[in-house]
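What you see is a predicted model, and the numbers here were worked out from it, not measured in a lab.
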Amino acid sequence: MSFSIMNITSLSPKLLLRSTLPFLSIHKCSSNSPIPMDHAELNMEQVLKRDIPWETYMTTKLITGTGLQLLRRYDNKSERQRAVLLDDDGPAYVRVFITILRDIFKEETVEYVLALIDEMLTANPKRARLFHDKFLASEDIYEPFLRLLWKGNWFIQEKSCKILTMVVSGRPENQERVTSNGEASNSKKHLTATDDVLKGLVEWLCSQYKYSYSVQLKKPSHPSRAIPTAINCLATLLKEPMVRSLFVQADGVKLLVPLILPASTQQSMQLLYETCLCLWLLSFYEPAIEYLATSRALARLIEVVKGSTKEKVVRVAVLTLRNLLPKGTFGSQMVDLGLPQIVQSLKAQAWSDEDLLEALNQLEDGLRDNIKLMSSFDKYKQEVLLGHLDWSPMHKDPIFWRENITKFEENDFQILRVLITILDTSRDPRALAVDCFDLSQFIQYHPAGRVIVTDLKAKDRVMKLMNHENAEVTKNALLCIQRLFLGAKYASFLQV
């Protein structure tokens, strides 16, 4: 038997009050079924318009007379009026809300109270401190929300997650820790430990990624709002060292990387920003960095800073790259991916954010230092892969060619193949001239240079450049062809 939101309020008080039954006896969907869209698409405005029968709850002793008075004062009041009440008696209202969520299982009532709390915290996030007031020292402020994360419909799950994130993040730094068995050191009453809250949140947040990308949903989730909700909460929770550890252990890092995508709408831009914010927070945690090193996160971040126009997105991505720069091989990878040139381009733009400008300067300095530490062949490889060939000293240095000639064999002559490709793709006369010269150097210094270059079909490409309008290109194309036709014994006599 199921009821719509419209007709359920017409039932008798006896049927309405099913608080003694398990929560899922009211919510008829099984845990493996998709959530009905009437529940999934509920919004705050709809929920807050409800008229909840508080007097009936007092009659059945589910709320006290004091609680009823507080609710009457608060219900259907303006935001300004409610703000005054919370300023005067905030902890008392929090206790009433928690009591309702703990003792009343009626779905419409649970949704309504969650909406009240969400509205309260959204208007002023500092009100999360009310939950940690000494007046509530004996209350288990976390348990109702942690339970509802898994047992409610999507509206209930989403609000519970958001509220729990704000409340646990808003606890005082000197708050007394709860022992591992769930008992406070000065009390025998069982309270939910903060560690258990963080574990439960991470488990639920990671499940939203997995189930949203799964063909068959195994847990209640929302097709479009689950991941944005999870990312939004993670961007707050990852400030906690324990959450970073739990998230990495849950293999959560790899779930973030696919979300680093070009953004076009306001919603997708916010998701990208919060995803990059999560990566920035993880970049302070060494085990997470190890995961990032084996993913496509770096390449995607560089694409974000290269193509995004939203200042806050560029800033957080640049800050993440700055943190990763000195770690492992990230520095050389950034150079290979052309980040130095991208940073120069970004610095030429008119940014108003001073943190971004400072981060760009730091990133530029770090990349410059990294390039200095790279071997001469690494620098050469960077030039070739980026197609930015110029007459730097190494090109005409015999020592460079003698010491590094065998490195051209790496990855099936990758660098040589790129050089030959540049002959077809580049329109820069300087790059073409240097390219032809480098091919002639390879022919001279590699024992099988002539054969390898011929097999890779470079001859015809170079010969076309002998008729190039630029004299520098023509000269070096001729040199390359001469060395290609002459044996190594005679090629060394050709004038450079």
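We find that Arg95 and Glu139 are joined by a salt bridge, their nearest charged nitrogen and carboxylate oxygen being less than 4.0 Å apart.
Using cut-offs of 30° and 60° for the angle between ring planes, the Trp280 and Phe284 rings count as perpendicular. Ring planes of Trp154 and Trp204: parallel class, angle under 30° (limits at 30 and 60°).
Among residues two or more places apart in sequence or in another chain, the salt bridge (Lys or Arg N to Asp or Glu O under 4.0 Å) test is passed with Lys254 by Asp251. Taking Phe330 as the reference, nothing meets the ring pair (Phe, Tyr, Trp, His ring centres under 6.0 Å) condition, with sequence neighbours excluded. For the ring pair (Phe, Tyr, Trp, His ring centres under 6.0 Å) test, no residue two or more places apart in sequence or in another chain qualifies with Phe247.
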Glu45/Lys49 under salt bridge (charged side-chain N to carboxylate O under 4.0 Å, His left out): CA gap, chis, key distance, verdict: CA-CA 6 Å; Glu45 185 179 0; Lys49 284 181 179 179; 3.6 Å; yes
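Residues Ile231 and Glu274 approach most closely at CG2-CB, 3.4 Å, considering heavy atoms. Shown here for Met334 and Leu321, the closest heavy-atom pair between the two residues is CE-O, 3.3 Å.
Within 6.0 Å of the NZ atom in Lys310, the count of heavy atoms belonging to other residues, nucleotides or ligands does not exceed 12.
Cation-pi geometry between Lys159 and Phe155 is met: under 6.0 angstrom from the ring centre, within 45 degrees of the axis.
Between the side chains of Glu111 and Asn153, at least one donor N or O sits under 3.5 Å from an acceptor N or O. When only modelled atom types and interatomic distance are considered, Lys306 and Ser345 share no side-chain donor-acceptor pair under 3.5 Å.
Checked by atom type and distance alone, the side chain of Ser245 never pairs as donor or acceptor with a backbone atom of Pro241 at under 3.5 Å.
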